[in-house]
Amino acid sequence: MPEQEGGPGHFIQDVIDQDMKLGTYGGRVHTRFPPEPNGYLHIGHAKAICVDFGTAAANGGLCNLRFDDTNPRKEEVEYVDSIKEDVRWLGFDWGDRLFYASDYFGQLYEYALQLIRQGNAYVCDLSQEEIRAYRGTLTEPGRESPYRNRSVAENLDLFQRMRVGEFPDGARVLRAKIDMASPNITMRDPVLYRIQHSTHHRTGDKWCIYPMYDYAHPLSDAIEGITHSICTLEFENNRAFYDWVLAALAIPQPPKQLEFARLYLTHTMTSKRKLKQLIDQGHVSGWDDPRMPTLVGMRRRGHTPEAIREFCDQIGMAKTNSVVSFAQLEYCIREDLNRRCPRVMAVLRPLRAAIVNYPEGQEEEFAVENNPEDPGAGSRPVPFSRTVYIEREDFMEEPPKGFFRLAPGREVRLKGAYYITCQEVIRDPETGAVAELRCTYDPASRGGETPDGRKVRGTLHWVSAAHARPAEVRLYDQLFLTEDPSQGDDFTANLNPASLEVLTGCLVEPGLAGASAGSRFQFLRHGYFCVDPDSTPERLVFNRTVSLRDTWAKVRDR
Ligand code: ATP
Ligand code: MG
């Protein structure tokens, strides 16, 4: 487990330090990550995972993975499996502490009976709408339900009959009996149980009443011996009820709920419901579309767990909501990929260049360095022959000032190979477009070395026509055009119609032929790329993870 990663915010650590000093939990720190299995995890969850597991690790404690599977209608086994895989991929380990709130349905039911017996809960026959109407508003107190003062015996009888399935969905609920005039609306007799005749992915048809999250959560924490129950700010108002449940049931050493600010990223949507809508409406190809802020999507795009953890660490923990720039996430991924990725040459929009004075049929290999950032990474052989492809945008017939690449009569370096000079431009007879270049090379510049002190200002990447492999390259841009895509009536109106560009005629070095899905490379001057699972030996497919920030400064001097 990465030590200290996602390091705790001061306000959370302060509480823990105080508990350590007072011996509140006998020196224990035990946290949990409690996802609802109703979708795939996204970058916001990554933050929560780093905080939950990171806080435990930083304090010599433990962190559980617990599925909050209290709503059988929305939850699926597919999501459970993906969540486990994603947490592991991020680099965290729950050991043998994988739990489900549904493991506790029996105990939660017993606790509910106890609350009824103590006069702390009652069965209410109001409909959902009536309950809402009776609840009041921020400025007006609520009204008591006419069923609020049922006897304990009647409540026990009705609740048990709810449990055995005598009533249809929505006919009755069990509610806590707290205070309909409380200034905190969540304390106005919140619902504890609802009737729902649905099959649960783990408990099958054993239950037709299901506990509400707000009731199940504090008790699941208590049952697992959680000490610090870290969650996001939207649960701040629920803390009073969290504490009420534990106090009403006289739980010893009750866990504490601590809230931190949710992560919001610019140009990004982090709501499972809305992400699912993007899939259902066909705006993206699935949960693992590389444009999605899901961990499966980011993984397919080429993001690394190390970079994501570093990002979560850098943004720290706040007590008020704020929005983090997507650029910061990209900065972290670049830093990480820069260290780890071998450099290779790939021509995304090829322009053919024949080197007319290079002997017909001759081939040679150049040793090209793999990573200038890492001298230990060595070099690889790259084949060269009489015809090469260069990037179309590296040639201009009438170059403007400041364009240092190839132009008629101009000499440039082919990275690691030779100096070449453009002698002639061949046009497509029909369209007049540049179809091919005729160039000459200087044999004295072998290996890209400078002959006789003659300097060139441009260094181009290239591939040998006889050796290059075809590839498809998928370029991505922000999925949303607006910084806050949730603005407006329909967030899908903010989608970027150009978020995906597929280039099919690309050519890459032959050494990439066997690259397996998930391998990552820096394509010189283009950015960082990752082999997509769609890739086959015949047709390589790459996703651009992120572009290089400053293409030219990096390559020109080498
Ligand atoms: P969503 O709105 O995407 O459904 P959620 O909060 O309902 O998110 P859960 O599965 O209930 O998703 O979340 C599990 C944990 O992840 C919770 O503790 C929640 O607070 C945390 N979490 C979810 N989104 C974020 C976020 N954007 N930033 C930080 N933590 C988050
Ligand atoms: Mg939720």
Side-chain angles (χ1 to χ4, degrees), residues 6 8-9 12 31-56 63-71 73-76 78-84 86-87 90 92 94 98-102 212-214 216-218 220-221 224 226 228-239 242 255-279 287 292-298 308-309 311-326 328-329 484-486 491:
I12 288 184
T31 61
R32 84 287 166 268
F33 171 62
E36 183 178 359
N38 62 345
Y40 281 65
L41 298 183
H42 52 60
I43 182 72
H45 294 113
K47 175 68 197 170
I49 293 168
C50 288
V51 169
D52 294 332
F53 282 90
T55 301
C63 181
N64 296 355
L65 175 60
R66 183 199 315 141
F67 287 101
D68 153 38
D69 56 351
T70 49
N71 186 354
R73 280 207 192 126
K74 290 188 296 178
E75 294 157 7
E76 285 176 33
E78 176 197 349
Y79 298 139
V80 169
D81 294 341
S82 76
I83 289 170
K84 288 197 276 188
D86 284 349
V87 175
L90 253 194
F92 297 100
W94 55 87
L98 170 64
F99 301 115
Y100 297 82
S102 58
M212 302 300 288
Y213 176 80
D214 281 348
H217 194 70
S220 303
D221 283 346
E224 291 175 18
I226 299 303
H228 301 86
S229 182
I230 306 170
C231 64
T232 36
L233 275 183
E234 70 272 21
F235 292 103
E236 206 170 10
N237 285 334
N238 304 51
R239 193 193 325 132
Y242 184 100
K256 285 191 175 71
Q257 178 179 302
L258 305 168
E259 309 91 15
F260 71 98
R262 269 176 103 84
L263 165 64
Y264 294 98
L265 260 188
T266 60
H267 305 280
T268 310
M269 198 90 248
T270 45
S271 148
K272 283 176 281 186
R273 191 176 54 77
K274 289 182 176 163
L275 294 177
K276 186 160 188 309
Q277 191 181 330
L278 292 178
I279 299 164
W287 288 103
M292 291 279 268
T294 52
L295 296 183
V296 276
M298 294 173 75
I308 295 174
R309 293 201 307 260
F311 169 69
C312 292
D313 220 23
Q314 278 185 14
I315 56 180
M317 250 196 279
K319 245 199 167 323
T320 47
N321 284 324
S322 65
V323 183
V324 178
S325 164
F326 198 86
Q328 195 170 343
L329 176 63
D484 178 3
S486 65
F491 75 97

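Whatever order the structure lists ligands and atoms in, that order sets their numbers, starting from 1. As the structure is a prediction and not an experimental result, all values here were calculated from the model. We number each residue from 1, following the sequence as shown.
The Ala48 neighbourhood of ligand 1 comprises atoms 16 (O), 21 (C), 30 (N), with distances under 4.0 Å to a heavy atom of that residue. The distance from ligand 1 to the heavy atoms of Lys272 drops below 4.0 Å at these ligand atoms: 1 (P), 3 (O), 4 (O), 8 (O), 9 (P), 10 (O), 12 (O). Which parts of ligand 1 touch Phe33 is read off a 4.0 Å heavy-atom cut-off, strictly below it: atoms 14 (C), 15 (C), 16 (O). Close approach of ligand 1 to His42 is summarised as follows: ligand atoms under 4.0 Å from at least one heavy atom of the residue are 3 (O), 24 (N). Remark: ligand 1 atoms within the under-4.0 Å shell around heavy atoms of Thr232 are 19 (C), 20 (O), 29 (C), 30 (N), 31 (C). Residue-ligand proximity, Ser271 to ligand 1, at heavy-atom distances under 4.0 Å covers atoms 2 (O), 3 (O).
Considering Lys274, Arg262, Arg66 only, the shortest heavy-atom separation from atom 2 (O) of ligand 1 involves Arg262. Closest heavy-atom approach to atom 5 (P) of ligand 1 within the set Glu36, Glu259, His45: this belongs to His45. Across the listed options Gly44, Pro35, Ala261, Gly44 owns the non-hydrogen atom lying nearest to atom 26 (C) of ligand 1.
Residue Thr232 holds its OG1 atom at 10.5 Å from CG of Leu263, rounded to the nearest 0.5 Å. The CD1 atom of Ile12 sits 4.5 Å away from the CD1 atom of Ile230 when rounded to the nearest 0.5 Å. Distance check: Leu278 CG to Phe491 CZ gives 4.5 Å after rounding to the nearest 0.5 Å.
Tested against Arg32, the residues Glu224, His228, His217 include a single side chain to side chain donor-acceptor pair (under 3.5 Å) partner, His217.
Distances between N or O atoms of Cys231 and those of ligand 1 include no value under 3.5 Å.
No heavy atom of Tyr264 sits closer than 4.0 Å to any atom of ligand 1.
Under a 4.0 Å N-O distance rule, the pair Glu234/Arg262 qualifies as a salt bridge.
Side-chain atoms of Thr268 come within 3.5 Å of backbone N or O of Thr266 as a donor-acceptor pair.
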Start with the C-alpha gap between Phe53 and Phe33, add the side-chain angles, then the distance that decides, and say whether ring pair (Phe, Tyr, Trp, His ring centres under 6.0 Å) holds.
CA-CA 8 Å; Phe53 282 90; Phe33 171 62; 7.1 Å; no
Dump the intermediate steps for ring pair (Phe, Tyr, Trp, His ring centres under 6.0 Å) on Tyr213 and Phe235, then the final yes or no.
CA-CA 11 Å; Tyr213 176 80; Phe235 292 103; 5.7 Å; yes
